[in-house]
2 protein chains.
Amino acid sequence: MRIGELAERTGVSVRALRYYEEQGLLASERSESGQRRYIENAVGRVRLIQQLYAAGISSASILEMLPCVVTGVAAPEVLAKLHGHRSSVVKQIEELQETLLQLDTVIAGATKAYATGVPCPPG
Amino acid sequence: MRIGELAERTGVSVRALRYYEEQGLLASERSESGQRRYIENAVGRVRLIQQLYAAGISSASILEMLPCVVTGVAAPEVLAKLHGHRSSVVKQIEELQETLLQLDTVIAGATKAYATGVPCPPG
DNA sequence: GCTACCTCTGACGTCAATGTCAGTTTTCTA
DNA sequence: TAGAAAACTGACATTGACGTCAGAGGTAGC
């Protein structure tokens with residue numbers, strides 16, 4: 001498929017897809033005239049990249065771990081980094097859960113207080 | 001306390017603290033000579049700010065919700081945004097949990113495969 | 001009162017993942 | 001076979017949360 005279709009199917013901009021390629025994260029064949037052609041597989045790959053980005057993992061780290069994701073095999077060095085990222089993700093989840101509690105407290109309190117008729121200046 | 005102490009106690013840089021003030025997120029008294037003085041309370045405030053930042057909430061949004069966090073009261077408009085942020089945090093947690101599963105799969109596979117003697121090129 | 005560290009303002013630098021624009025070439029559709 | 005739509009490269013712009021530096025003034029221990 002061409003880049004526009006991949007963009008549409010993944011919800012990622014064309015510019016971003018070119019950037020992924022630039023970073024070595026996403027491969028493409030080229031047509032005679034030089035246009036990028038992607039295999040079906042690319043859709044899943046792009047989603048994976050987005051997921052890892054969302055976890056705060058940098059392009060460089062993703063680049064390092066991608067071959068292992070694909071082949072399912074990793075050298076000890078890489079494996080150690082994978083464990084590191086795992087820990088980081090776990091920590092992020094814990095922190096977000098704590099944030100959620102705080103937000104819930106605020107929401108509960110604010111809802112109740114507002115019902116009693118003491119408004120807070122709106123933004 | 002002075003800015004250096006607050007920085008040390010919160011683990012946040014002096015520069016960041018000034019930035020928070022610039023954004024209206026953190027108040028300070030000033031000494032005669034113009035140096036910032038913080039009350040004990042500031043420590044908790046800074047931690048809260050960090051937590052909200054970590055949840056991907058922007059300065060502007062934090063600024064909007066902070067008075068409500070403090071007073072426990074929010075206008076409906078603000079309350080709606082709080083719910084919006086709550087949803088966003090929930091979604092982030094779900095996505096991170098999915099990422100965690102993926103990472104675990106990779107780690108499990110890679111560990112096992114490496115044990116069988118088929119290394120992946122290291123970074 | 002000296003010295004070493006702390007703090008101030010202001011301004012420019014950084015970094016990563018894009019956005020955006022320009023000028024050109026390819027590809028699809030009528 | 002036009003003409004519109006999509007893709008190309010290359011380069012500069014953006015955004016947010018700071019880092020960093022310069023030059024000047026404040027503060028605390030001896």
Side-chain angles (χ1 to χ4, degrees), chain A residues 1-39 42-43 45-66 81 85 88-89 92 95-96 99, chain B residues 1-39 42 45-66 85 88-89 92 95 99 123:
Chain A
M1 81 194 78
R2 296 200 293 164
I3 197 169
E5 187 184 341
L6 183 56
E8 197 173 354
R9 286 179 58 183
T10 56
V12 167
S13 74
V14 167
R15 176 67 179 88
L17 294 177
R18 294 204 189 102
Y19 174 76
Y20 296 168
E21 179 167 326
E22 202 177 311
Q23 299 302 304
L25 303 178
L26 181 64
S28 69
E29 305 271 292
R30 294 299 182 115
S31 72
E32 290 245 323
S33 66
Q35 290 201 351
R36 294 170 179 82
R37 293 298 140 93
Y38 299 94
I39 55 176
V43 175
R45 168 64 69 107
V46 170
R47 294 205 175 121
L48 177 60
I49 293 170
Q50 284 271 302
Q51 203 164 50
L52 295 175
Y53 272 146
I57 300 173
S58 70
S59 313
S61 293
I62 296 178
L63 181 56
E64 195 174 52
M65 71 171 69
L66 265 185
K81 293 201 179 177
H85 288 305
S88 159
V89 172
Q92 281 180 66
E95 285 174 359
L96 283 178
T99 303
Chain B
M1 81 195 79
R2 294 200 294 165
I3 199 169
E5 187 183 340
L6 182 57
E8 196 171 355
R9 287 179 57 185
T10 57
V12 167
S13 74
V14 167
R15 176 67 179 89
L17 293 177
R18 294 203 190 102
Y19 174 76
Y20 295 167
E21 180 167 326
E22 203 177 311
Q23 301 300 306
L25 303 178
L26 182 63
S28 69
E29 305 271 292
R30 294 298 183 117
S31 73
E32 290 244 323
S33 65
Q35 290 199 352
R36 294 172 179 82
R37 292 300 140 92
Y38 298 94
I39 57 177
R45 168 66 67 108
V46 170
R47 295 204 174 123
L48 177 60
I49 294 170
Q50 285 271 303
Q51 204 164 50
L52 295 175
Y53 271 145
I57 299 173
S58 71
S59 313
S61 293
I62 295 178
L63 181 57
E64 195 175 52
M65 71 171 68
L66 266 184
H85 287 306
S88 158
V89 171
Q92 281 179 66
E95 284 173 0
T99 303

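Order of the sequence lines fixes the chain letters, A, B, ..., with proteins taken first and strands second; residue numbering starts at 1 for each chain. Worth knowing before you read on, the calculation uses all heavy atoms, side chains too, and leaves out hydrogens, waters and symmetry mates. None of these values were measured; they are calculated from a predicted model.
- Listed pair B/Arg37 / D/dG26 fails the phosphate criterion, with no side-chain N or O lying under 4.0 Å from OP1 or OP2.
- Taking atom OH of B/Tyr53 as the reference point, atom C1' of D/dT15 lies 13 Å away to the nearest angstrom.
- Taking side-chain N and O atoms only, A/Ser31 has no distance below 4.0 Å to OP1 or OP2 of C/dT26.
- On a pure distance criterion of 3.5 Å, no polar donor-acceptor pair joins the side chain of A/Arg18 and the base of D/dT9.
- Looking at A/Arg15, its side chain comes within 3.5 Å of the base of C/dT20 through a donor and an acceptor atom.
- Distances shorter than 4.0 Å separate none of the side-chain N or O atoms of B/Tyr19 from OP1 or OP2 on D/dC18.
- Nearest-nucleotide mapping onto DNA chain C: of A/Gln35 and A/Glu22, the residue sitting toward the 5' end is A/Glu22.
- For the OP1/OP2 pair of C/dC8 and a distance below 4.0 Å, the side-chain nitrogens and oxygens of B/Ser33 include no atom meeting the criterion.
- Between A/Tyr20 and the phosphate of C/dT18, there is a side-chain N or O to OP1/OP2 separation shorter than 4.0 Å.
- Ion pairing between a basic and an acidic side chain is recognised when a charged N comes within 4.0 Å of a carboxylate O; A/Glu21 and A/Arg45 show no such pairing.
- Protein atom CD of B/Gln23 is 14 Å distant from nucleotide atom P of D/dT15, rounded to whole Å.
- Remark: P of D/dC18 and CD of B/Glu21 are 15 Å apart, rounded to the nearest angstrom.
- Shortest non-hydrogen contact noted between A/Leu25 and A/Ser59 is CD2-O, 3.8 Å.
- Nearest heavy atom pair, residue A/Leu26 against residue A/Ala42, reads CD1-CB, 4.3 Å.
- Taking side-chain N and O atoms only, A/Arg36 has a distance below 4.0 Å to OP1 or OP2 of D/dC8.
- In summary, A/Glu5 and A/Arg9 engage in a salt bridge, as defined by a charged side-chain N under 4.0 Å from a carboxylate O.
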